[in-house]
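Encoded as structure tokens, the structure appears first; notes follow it.
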Amino acid sequence: MPEREGNLEALGSLIQGFGVLADPMNIAYMFIGITLGVLIGVLPGLGGANGVAILLPLTFSMSPTSAIIMLSCIYWGALFGGAITSVLFNIPGEPWSVATTFDGHPMAQKGHAGEALTAAFTSSFFGAFVAVLLITFLAPVIAGFALRFGPAEFFAVQLLTFCSFVGMGSESPFKVLCAMMLGFALAAVGLDSVTGELRMTFGSVELLRGFDFLIAVIGLFGIGEILLTMEEGLAFKGKSAKINAKVVWETWKSLPRYWMTAIRGSIVGCWMGITPGGATPASFMSYGLAKRFSKNRQNFGNGEMEGVVAPETAAHAAGTSALLPMLTLGIPGSPTAAVLLGGLLIWGLQPGPLLFVEQKEFVWGLIASMYLGNIAGLIVVLTTVPVFASILRIPFSIIAPVIVVICAVGAYTVHNAFLDIVMMLVFGVVGYVFKKLSYPLAPLVLALVLGDMAESSFRQAMLVSQGDLAIFWSNPLVGSIVTLALVMLFWPVFSALLRKRQSRQDGGTQVIPVK
Amino acid sequence: MKDVQRPRCARKTPFDSFAFKKPYGRSLASGTALAGALGLLLIPNAAQAAWEPTKSVEFVVPAGTGGGADQMARMIQGIIQKNNLMGQPIVVINKSGGAGAEGFLDVKSSNRNPHKIIITLSNLFTTPLATGVPFSWKDMTPVAMLALDNFVLWVNSEAPQKSPKEFVEAAKEGGANRFKMGGTGSKQEDQIITAAIEQSAGVTFTYVPYKGGGDVAAQLVGNHINASVNNPIEAVSQWRAGALRPLCVFDKERIPLKEPVADGKSWNSIPTCKESGLDVEYTMLRGIFMGPGVTPDQVAYYVDLFKKVRETEEWKDFMAKGAFNVSFKTGDDFKTWLTAAETQHKTLMDKAGFTKQ
Amino acid sequence: MEHGTQNSDPVVSNRTMEIVVAGLFALVALVVMADSIRVGNGWGSDGPKAGYFPFYVGLIMLVSSLATLAVNIWRHSGERTAFVEKHQLALVLKVLVPSAVFVILTAFLGIYLSAVLFIAFFMHWVGKYPLKTILPVAILVPAGLFVMFEIWFLVPLPKGPVETMFGF
């Protein structure tokens with residue numbers, strides 16, 4: 001809220017920023033960017049970072065302001081677009097939309113694809129908007145906060161993500177552990193970033209690049225889902241989806257009841273974007289927290305709208321706020337931000353503490369474009385909801401081979417490697433078998449995405465402290481995060497104990513929820 | 001999967017039929033006098049014209065998106081597109097697996113494929129030594145040295161050390177492993193420079209590997225590490241903001257850029273490490289290579305192309321912003337340089353114990 | 001999970017499948033542990049070595065998979081439930097086999113042509129569509145991908161002799 005002088009100044013600069021955008025060419029670039037972004041977001045594999053990198057040279061002949069507006073709009077578009085295939089086909093278009101599949105796809109199977117998409121887009125917009133407000137008014141303060149994050153703090157955040165997501169489900173704990181450890185083991189394949197040694201490559205050139213998270217999820221979720229659907233007799237369950245333009249409005253009416261989840265998601269997202277933890281962990285953490293604190297927690301995983309709102313707000317808030325440390329410190333908060341950073345350097349802009357002072361027009365033009373770009377993005381994607389939802393009406397025997405082809409293209413584009421297409425198919429079979437034997441997939445993918453990062457932060461921290469574990473309690477910041485993480489890990493135990501006590505006081509009328 | 005990589009290629013621009021009218025190959029080197037009949041008819045100074053790409057050219061980056069090599073490759077792609085320096089499109093492909101081994105092995109196996117080039121960073125030398133993956137620059141065809149990336153020794157501006165000498169003394173006084181040196185990656189350029197400083201000054205640091213140069217600079221600003229050997233472009237904004245202080249540059253000579261950058265100081269006012277008593281010299285190659293078995297015509301085409309790239313304003317600007325050493329070498333000159341650089345890496349890495357046995 | 005009708009024969013029981021998968025997990029765990037010992041699984045002077053975490057990851061995987069294995073060997077309840085029944089397996093293979101052939105073809109024909117063949121075959125074989133429905137889908141989808149990747153985004157996908165013939 002603009003109360004102090006600094007904030008008033010920010011508001012003034014922002015208005016100037018909107019002036020920069022008034023150029024019709026910039027508005028045009030904005031819409032082109034959003035559309036391109038949604039397109040690459042929908043295609044699995046051609047994610048934000050790859051997509052932006054591919055389109056970077058196209059913007060080379062534009063002015064820096066127009067170029068960064070278009071590129072950042074591609075980025076918004078990709079953030080929005082990732083949810084589409086997650087909901088419709090259980091294929092996460094982007095890593096950060098994996099958590100969206102958990103409830104988004106079940107909703108679509110029940111015939112609520114339109115609702116799920118609307119909820120996803122609207123909460124994305126909400127998350128991004130909160131993050132942009134933060135960038136507008138608190139950029140300098142927050143930039144300083146990001147500097148306090150060393151390896152120990154990074155590890156603490158990754159631990160917190162993990163602990164807030166992993167709870168005991170109904171599956172056998174041995175199977176949960178097996179799946180999770182498989183994720184960690186796959187994450188370790190390839191070059192060890194700390195010692196530079198090759199691990200588990202067994203002399204194979206193809207294993208040098210390790211197992212990419214995206215290829216695993218395309219296979220486990222996308223191909224696995226097709227096999228399961230096929231087994232049940234050739235039909236997508238979403239066929240009965242009612243599609244009309246009113247679905248957007250109807251969904252909007254029910255969204256305000258998730259205000260708490262949305263705010264929590266935004267906070268988690270902003271925090272993870274700035275520190276920089278990334279959009280993918282943010283979406284998992286937010287989903288885990290929502291599940292833990294929701295009244296409907298039993299319904300999570302079966303098509304609960306709250307389970308769509310939580311990861312989407314967090315992912316978009318994180319994706320947006322990741323630009324803040326990039327602009328103010330030159331640290332990219334996500335792989336996509338790293339590519340954008342490269343773009344800035346190419347245009348001769350030097351991100352860092354002085355960017356806000358020396359390149360006022362550019363910075364505020366960019367921030368203004370975040371506001372307009374997100375609104376434009378929301379309009380573009382919402383109008384496509386009925387179109388996308390109606391894709392589910394296409395008969396399975398047409399759509400299935402098309403999905404397999406698109407998955408194959410996606411798997412290939414991640415690393416330009418043929419073997420990745422084969423791996424995708426193998427992961428598909430693994431996903432099918434795991435699903436039938438109730439090995440949970442979520443801990444596996446979370447371990448795969450976090451394993452590498454967490455291991456290197458941990459070992460960096462150990463290098464810094466010369467092998468002393470006390471570094472994780474060496475200052476209030478890291479100490480409180482680690483403690484919070486441990487509390488989260490044992491939360492189910494605490495809450496069960498609490499309930500037991502409570503129910504005893506109430507005369508034992510309450511039933512302890514079985515989870 | 002060689003059989004897959006081979007046919008991967010190529011597309012033509014919608015204006016393909018007009019493309020050959022663009023002026024290439026004006027100043028080609030020797031031995032390329034025999035040109036195709038088409039070339040003779042249509043290209044000015046046709047006597048010198050020779051080979052040119054017939055489909056899109058793959059530009060392999062043996063590193064991830066967003067890093068220094070990737071930035072440079074995409075910059076070059078942009079310059080070529082914007083100035084119409086090539087009739088066919090140029091396509092950047094990242095092959096970063098195994099510290100870049102994947103990319104080099106791909107080029108190594110692309111025998112006689114003139115439509116594939118690769119940009120190098122120090123992993124051309126370090127990856128085979130550190131991981132044992134079998135490749136060397138001799139398995140490829142050297143085209144040109146585009147530039148050399150500089151390295152600067154940085155400390156936090158709150159730190160009391162003002163010169164490399166004071167820095168080394170402080171590190172000695174602190175005791176072995178007390179000083180933390182941050183850098184990008186493991187057993188790559190940053191750690192090699194760190195090892196070289198250790199060997200030359202008789203100190204030991206704790207080397208902490210991070211993912212990227214931007215991260216390292218920010219970690220130094222946040223005082224999580226004591227020093228770094230960031231490239232100029234990675235740390236310049238923090239220098240200008242007064243958060244970091246450069247102590248010395250690891251090139252043979254001072255950077256010739258005299259325009260003030262920060263606090264009235266220019267790149268030129270940073271002394272070389274050697275002149276300030278720290279006998280370490282290191283620069284990183286930004287060069288272009290092709291697969292084995294390509295013809296001299298084809299090499300000459302790319303040499304000429306990159307000469308043109310170097311002449312553009314955008315490139316010059318980029319070089320100045322990043323305080324690069326702008327040496328350009330081709331042919332035997334370049335090979336001599338490569339041989340020397342390979343020996344230097346081998347000696348440094350052997351001594352530091354980074355070589356895979 | 002609820003499995004189909006009574007009149008279909010189970011191909012493999014849940015118990016057998018559980019044992020096989022747990023066995024595979026144990027095998028992977030052993031490989032992971034062996035390689036971790038190779039790179040060093042100790043705690044060095046400056047923190048864990050490269051194989052430290054993978055080693056324990058492998059160990060936990062081994063113990064959990066052995067536990068699952070033991071549970072299923074001693075408990076025979078899973079014997080009566082089918083992991084997959086004959087008609088289900090047939091359906092699954094109907095997708096899986098063509099997909100695998102498609103991936104293999106990609107190596108030789110490139111992804112676009114393989115996609116045309118795959119989509120056309122699948123629509124004909126499983127969907128029993130007439131040619132006039134098959135052709136537009138089978139041709140337009142790969143063509144759309146071709147335009148998008150090769151021409152707009154300049155992302156080269158695997159291509160085969162046919163594309164090379166046309167100069168791509």
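For clarity, every value in this text was computed on a predicted model and none was experimentally measured. Every chain is numbered from 1, with letters handed out A, B, ... down the list of sequences.
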Check your understanding: Do any pairs count as a side-chain hydrogen bond (donor to acceptor under 3.5 Å, both in side chains) and have a residue in residues 54-68 of chain C, sequence neighbours left out, and if so which ones?
Key -> none

Check your understanding: Out of curiosity, C:K159 NZ to B:K55 NZ, how far, rounded to the nearest 0.5 Å?
Key -> 8.5 Å

Revision key, fill the gap. Answer key: most heavy-atom pairs under 4.5 Å with chain C among B:T206, B:V91, B:V92 is B:V91

Exercise for review: Step through the shown structure and confirm whether more than 12 heavy atoms of other residues, nucleotides or ligands are within 6.0 Å of CZ on B:R112.
Suggested key: no

Point to revise | Sequence neighbours excluded, every pair satisfying ring pair (Phe, Tyr, Trp, His ring centres under 6.0 Å) that has a member inside residues 9-41 of chain C | key: A:F434-C:F25, A:Y439-C:F25

Practice item. Any chance you could measure B:E58, atom CD, to C:L154, atom CG, to the nearest 0.5 Å? Key: 11.5 Å

Check your understanding: Around C:K132, counting heavy atoms of other residues, nucleotides and ligands shown, do more than 12 lie under 6.0 Å from its NZ?
Key -> no

